[in-house]
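To start, the structure under review is shown below, and the notes come after it.
The figures that follow rest on heavy atoms only: side chains count, while hydrogens, waters and symmetry mates do not. For clarity, every value in this text was computed on a predicted model and none was experimentally measured.
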Amino acid sequence: MGSRFPSHQLSNGLYVSGRPEQPKEKAPVICSTAMPYTGGDIKKSGELGKMFDINRKSGHLGNQPSRNTSFSNAASNSGPVSNAAGRSNYSGSIQSGVTGTGGSSRTKSSSGPLNKHGEPTKRSSGPQSGGVTPMARQNSGPLPPVLPTTGLITSGPITSGPLNSSGAARKVSGPLDSSVSMKMRATSFAHNTAVSNLNGEDGYSIKGSIPTAIWWLVSLLFVVGFVAGIFILAAIHNPILLIVVVVIFCFVAALVTWNIYWGTKGVIGFVSSYPDTDLRTAKDGEYVKVTGVVTCGNVPLETSFQRVPRCVYTSTCLYEYRGWDSKAANPQHRRFTWGLRSMERHSVDFYISDFQSGLRALVKTGFGARVTPYVDESVIIDINPDNKDMSPEFLRWLRGRNLSSDDRIMRLKEGYIKEGSTVSVMGVVQKNDNVLMIVPPAEPISTGCQWAKCMLPTSLDGLVLRCDTSDIDVIPV
């Protein structure tokens with residue numbers, strides 16, 4: 001009598017319901033062969049060395065280009081490596097002789113460079129050291145350009161700098177003239193926002209020290225005095241008024257002439273006699289004078305002709321002497337005088353260490369700040385029609401600025417404030433977030449009348465820089 005429910009008999013003779021269980025397959029036993037110990041010597045690595053293009057004779061990596069490989073279903077295993085005899089080139093993956101469930105074979109990915117012992121090396125972003133240059137392998141994409149191991153971090157593509165994609169110097173068509181490099185350097189200073197271009201010819205001017213209204217008033221009084229004196233002399237034959245007017249006019253003319261020729265020295269004397277201020281006790285907004293050692297900021301300068309590096313102020317001026325039939329250097333150039341033909345004056349922000357307190361302050365003379373420099377300039381070269389061909393560097397300097405070198409009497413002067421020099425700075429103290437700065441004042445500062453020196457008052461606009469380069473003492477910083 002049959003049953004609708006299946007049943008089967010166990011090995012002990014007992015009948016149970018249900019279908020008999022299927023016998024389970026035993027997992028294959030994986031036997032791994034111990035790898036021979038090589039002690040780090042790639043000459044003893046056998047077939048494994050052949051797979052990674054290792055020269056067994058020399059013990060160094062082969063100079064083969066790295067190949068881009070693509071791996072799929074990559075996994076690590078501890079089984080033996082299959083025999084790959086006769087293979088001299090690595091094709092991208094190592095086939096393992098281990099057979100897993102379902103008979104599928106597994107692959108082991110081995111990418112990256114090897115060191116001199118044949119072991120995989122760790123990737124690093126810095127320059128590699130040692131006698132062997134590792135070759136980085138990538139999974140996909142083009143090979144990156146080889147960069148010079150300078151350690152310098154730059155922005156922009158590799159093709160935008162002076163080096164090409166291989167790290168060598170980029171070739172430029174045609175020779176680069178030194179005058180062209182001078183012109184490029186001068187243009188870079190002129191268009192740099194961190195550099196202040198000082199276009200004033202001199203720090204002192206008699207016209208700027210006395211208001212225009214006073215000039216017209218004094219001139220009108222002298223005209224009236226001369227007319228009245230001449231009229232009284234002609235009418236009553238009394239020359240007293242005319243004599244008084246002439247004496248006063250001579251005194252005023254002598255005073256003006258004295259200030260024209262000695263006005264700059266008078267201002268320098270005022271700056272030198274102004275007392276130094278201790279920055280520890282200086283208040284915010286106080287007008288002070290600080291004397292100390294100069295340190296360059298983020299943008300150091302270089303002089304135009306002598307190429308003096310790491311300066312905070314540079315001045316290069318070209319003067320010409322005008323004779324009776326000579327050409328004028330500028331529209332205001334008078335005969336038998338020296339006239340300014342070209343001037344390059346620049347200043348940048350710098351730091352000064354106060355001698356009084358030892359504090360360090362930032363002097364804001366860059367970014368278009370108003371600066372009145374009183375820095376001594378020295379004569380570099382005197383040129384006349386007889387010796388103009390004896391200085392090729394000066395001729396190149398002229399060509400770099402599109403200046404003619406015809407039959408003219410010229411004089412080149414240059415002054416600078418180098419890092420480590422002792423400088424006196426006059427400005428307003430400004431404290432902002434524990435940062436001590438010296439900035440230009442909002443209004444010009446008057447020196448007042450110096451009666452002992454017969455000096456008229458003059459105005460000091462902006463920051464005042466004073467440096468005596470005749471006896472300069474540069475302190476290494």
- Does the salt bridge (Lys or Arg N to Asp or Glu O under 4.0 Å) test come out yes or no for K431 and D284, once each step is laid out? CA-CA 6 Å; K431 298 179 180 180; D284 192 10; over 6 Å; no
- Query: Does the pair V348 and T365 meet the rule for a side-chain contact (heavy atoms from CB on, under 4.5 Å), with working shown?
  - Reply: CA-CA 5 Å; V348 293; T365 53; 5.5 Å; no
- Hey, are S304 and R401 close enough side-chain-wise for a donor-acceptor pair under 3.5 Å? yes
- Item | Criterion side-chain contact (heavy atoms from CB on, under 4.5 Å) on H346 and Y313, from CA distance to verdict | CA-CA 6 Å; H346 308 289; Y313 166 84; over 6 Å; no
- Item | Short side-chain donor-acceptor distance under 3.5 Å, S353 and R360 | no
- Task: Check for a donor-acceptor pair, side chain of S446 on one end and backbone N or O of S459 on the other, with a separation under 3.5 Å.
- Result: no
- Query: Is there a donor-acceptor pair under 3.5 Å between the side chain of N259 and the backbone N or O of L456?
  - Reply: yes
- Centroid-to-centroid, W338 to Y319, below 6.0 Å? no
- Query: Mind checking whether F350 and C296 have side chains closer than 4.5 Å, heavy atoms only?
  - Reply: no
- Message: Taking the six-membered ring for Trp, are F226 and F249 closer than 6.0 Å centroid to centroid?
- Response: yes
- Query: Given side chains that start at C-beta, do those of I383 and R411 come closer than 4.5 Å, heavy atoms only?
  - Reply: no
- Query: Distance only, no hydrogens: is a donor on one side chain within 3.5 Å (strictly under) of an acceptor on the other, for R399 and S404?
  - Reply: no
- Sort out for me which residue in L398, I381, D382 forms a side chain to side chain contact (heavy atoms under 4.5 Å, CB included) with M410. L398
- Task: Look at the aromatic rings of W397 and F394 and report parallel, tilted or perpendicular, splitting at 30° and 60°.
- Result: parallel
- Task: Can you establish whether the number of heavy atoms outside I236 located under 6.0 Å from its atom CD1 is more than 12?
- Result: yes
- Query: Rounded to the nearest 0.5 Å, how far apart are OG1 of T193 and CZ of F367?
  - Reply: 5.5 Å
- Message: Measuring only between side-chain heavy atoms, which start at C-beta, is T422 closer than 4.5 Å to C467?
- Response: no
- Message: Using only atom types and a distance under 3.5 Å, with no angle test, would you say the side chain of R322 pairs donor to acceptor with the backbone of R334?
- Response: no
- Task: Taking all non-hydrogen atoms of both residues into account, name the closest pair between S347 and V371 and its distance.
- Result: OG-CG2, 4.0 Å
- Distance-only side-chain donor-acceptor flag, S424 / T291, under 3.5 Å: yes
- Task: Please name the pair of heavy atoms, one in V195 and one in L301, separated by the smallest distance, quoted to 0.1 Å.
- Result: CG2-CD2, 4.2 Å
- Task: Any chance you could lay out the side chain to side chain donor-acceptor pair (under 3.5 Å) test for T281 and D278, step after step, and finish with the verdict?
- Result: CA-CA 6 Å; T281 59; D278 192 347; 4.8 Å; no
- Interatomic distance, M455 atom CE to Q450 atom CD [nearest 0.5 angstrom]: 6.5 Å
- Item | Shortest non-hydrogen contact between V429 and K283, atoms and distance | CB-O, 3.7 Å
- Task: Might you point out which heavy atoms bring S342 and L403 nearest each other, and give the distance in Å?
- Result: CB-CD1, 4.0 Å
- Query: So with a 6.0 Å cut-off around CG of N387, is the heavy-atom count from everything else above 12?
  - Reply: yes
- For the atom pair CD (E344) and CG (L198), what is the distance rounded to the nearest 0.5 Å? 12.0 Å
- Any side-chain donor paired with an acceptor under 3.5 Å for E414 and T316? yes
- Message: If we ignore hydrogens and angles and just use 3.5 Å, is the side chain of S272 paired with the main-chain N or O of G269 as donor and acceptor?
- Response: no
- Whether T314 side chain and T303 backbone form a donor-acceptor pair below 3.5 Å: no
- Query: Could you walk me through whether E377 and K413 pass the salt bridge (Lys or Arg N to Asp or Glu O under 4.0 Å) check?
  - Reply: CA-CA 6 Å; E377 297 178 352; K413 290 184 177 182; 5.7 Å; no
- Message: For D376 versus R466, what's the shortest heavy-atom pair and its separation?
- Response: OD1-NH1, 3.3 Å
- Closest non-hydrogen atom pair, L241 against G229: CD2-N, 3.8 Å
- Does the pair D406 and K327 meet the rule for a salt bridge (Lys or Arg N to Asp or Glu O under 4.0 Å), with working shown? CA-CA 11 Å; D406 48 3; K327 297 180 181 180; 3.6 Å; yes
- Does the N432 side chain pair with the main chain of V435, one donor and one acceptor, at a distance under 3.5 Å? no
- Main-chain N/O of K453 paired to W258 side chain as donor or acceptor, under 3.5 Å: yes
